[in-house]
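Worksheet: the structure to be examined is printed underneath.
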Amino acid sequence: QVQLVESGGGLVQPGGSLRLACTGSGNIDRNDVMDWWREVPGRQRELVAEIASGDITWYVDSVKGRFTVSRDNAEIKVYLQMNNVKLEDTAVYYCAMTRNPKTWWGQGTQVTVSS
């Protein structure tokens with residue numbers, strides 16, 4: 001049984017920063033691939049960042065240089081540091097863990113970028 005809970009969303013001005021956290025419980029270890037996705041109404045859910053075994057990371061081009069994904073294995077937390085946010089970063093952000101063929105999802109946290 002795996003549970004993921006996101007936190008840290010909110011309202012932020014363009015150019016500002018926000019840190020999202022995903023707290024996991026259950027059968028999760030440091031080798032599991034953890035993802036941050038985001039979804040905007042009317043658009044397909046988008047993979048934003050990923051952290052894999054050995055802390056290998058991947059980012060979608062639109063957030064490279066602005067977002068950083070990291071993990072704390074001791075506390076089973078995954079973070080998404082969002083810097084220099086833009087209006088187009090507004091979305092519901094989801095934490096997910098995939099252990100093929102199954103994916104577990106958190107409930108999502110809203111990030112709104114607005115002046």
Side-chain angles (χ1 to χ4, degrees):
Q1 184 77 6
V2 171
Q3 289 189 319
L4 303 170
V5 178
E6 300 94 338
S7 60
L11 176 65
V12 59
Q13 293 186 338
S17 297
L18 208 60
R19 189 175 82 154
L20 307 183
C22 172
T23 302
S25 60
N27 185 18
I28 302 173
D29 67 42
R30 65 182 65 228
N31 293 316
D32 283 312
V33 177
M34 303 297 295
D35 296 325
W36 283 100
W37 293 74
R38 64 186 177 188
E39 187 169 18
V40 175
R43 295 177 61 180
Q44 195 169 8
R45 193 172 290 192
E46 174 186 47
L47 179 60
V48 175
E50 180 173 277
I51 186 164
S53 176
D55 288 346
I56 296 171
T57 58
W58 174 92
Y59 301 93
V60 68
D61 285 347
S62 60
V63 308
K64 282 181 181 176
R66 301 189 298 119
F67 291 10
T68 302
V69 60
S70 61
R71 68 196 302 167
D72 180 336
N73 289 316
E75 296 189 359
I76 315 180
K77 286 182 182 286
V78 179
Y79 300 99
L80 185 68
Q81 178 67 42
M82 306 168 63
N83 295 331
N84 190 24
V85 296
K86 302 178 179 181
L87 295 174
E88 53 264 39
D89 294 323
T90 295
V92 177
Y93 284 72
Y94 296 90
C95 175
M97 187 188 90
T98 296
R99 191 182 291 157
N100 286 324
K102 187 170 174 60
T103 297
W104 290 265
W105 295 91
Q107 83 289 350
T109 185
Q110 176 71 47
V111 172
T112 302
V113 182
S114 174
S115 56

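Source: prediction; values computed, not measured.
Within the 4.5 Å cutoff, side-chain heavy atoms of Leu18 are placed close to those of Val111. Inter-residue side-chain proximity for Arg38 and Val63 is flagged as met; some heavy-atom pair is nearer than 4.5 Å. Side-chain atoms of Met82 and Leu80, non-hydrogen and from C-beta on, do get closer than 4.5 Å to each other. Put simply, the side chain of Pro14 reaches to within 4.5 Å of the side chain of Leu87, judged on heavy atoms. The closest side-chain heavy-atom distance from Gln81 to Asn83 is below 4.5 Å. In this structure, the side chains of Cys95 and Met34 come closer than 4.5 Å at one or more pairs of heavy atoms. Using a 4.5 Å heavy-atom threshold, the side chains of Val78 and Ile51 count as touching. Counting only heavy atoms from C-beta outward, the side chains of Val2 and Met97 approach each other to under 4.5 Å.
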Donor-acceptor contacts under 3.5 Å from residues 19-29 side chains, at least two apart:
from	atom 1	to	atom 2	distance (Å)
Thr23	OG1	Lys77	NZ	2.8
Asp29	OD1	Asn31	N	2.7
Asp29	OD1	Asp32	N	3.4

Arg66/Asp89 under salt bridge (Lys or Arg N to Asp or Glu O under 4.0 Å): CA gap, chis, key distance, verdict = CA-CA 11 Å; Arg66 301 189 298 119; Asp89 294 323; 2.7 Å; yes

Would you please test Tyr79 and Thr68 for side-chain contact (heavy atoms from CB on, under 4.5 Å) and show each step?
-> CA-CA 8 Å; Tyr79 300 99; Thr68 302; over 6 Å; no

Val48/Phe67 under side-chain contact (heavy atoms from CB on, under 4.5 Å): CA gap, chis, key distance, verdict | CA-CA 9 Å; Val48 175; Phe67 291 10; 3.8 Å; yes

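With a 6.0 Å radius and a threshold of 12 heavy atoms from other residues, nucleotides or ligands, Gln3 has its CD atom at or below the threshold. A 6.0 Å sphere centred on CZ of Arg99 holds more than 12 heavy atoms belonging to other residues, nucleotides or ligands.
A distance-only check finds a donor-acceptor pair linking the side chain of Thr90 to the backbone of Val113 [under 3.5 Å]. Judged by distance alone, with hydrogens and angles left aside, the side-chain atoms of Thr109 form a donor-acceptor pair with the main-chain N or O of Gly9 at under 3.5 Å. For the pair Glu6 (side chain) and Gln107 (backbone), a donor-acceptor distance under 3.5 Å is present.
A single hydrophobic cluster is seen to contain both Val69 and Val12, as judged by linkage of ILVMFWY side chains at heavy-atom distances under 4.5 Å, directly or through other members. Hydrophobic clustering, with ILVMFWY side chains joined whenever heavy atoms are under 4.5 angstrom apart, groups Val85 together with Leu47. When the side chains of ILVMFWY residues are joined at heavy-atom separations under 4.5 Å, either directly or via intervening members, Tyr93 and Trp58 end up in a single hydrophobic cluster.
In summary, the side chains of Thr103 and Thr98 do present a donor paired with an acceptor at a separation below 3.5 Å, with no hydrogens or angles considered.
Lys64 pairs by the salt bridge (charged side-chain N to carboxylate O under 4.0 Å, His left out) definition with Asp61, not counting sequence neighbours.
Note: Tyr94 and Trp105 have perpendicular aromatic rings, judged against thresholds of 30 and 60 degrees for the angle between ring planes.
The two atoms that bring Ala91 and Val40 nearest to each other are CB-CG2, 3.8 Å, heavy atoms only.
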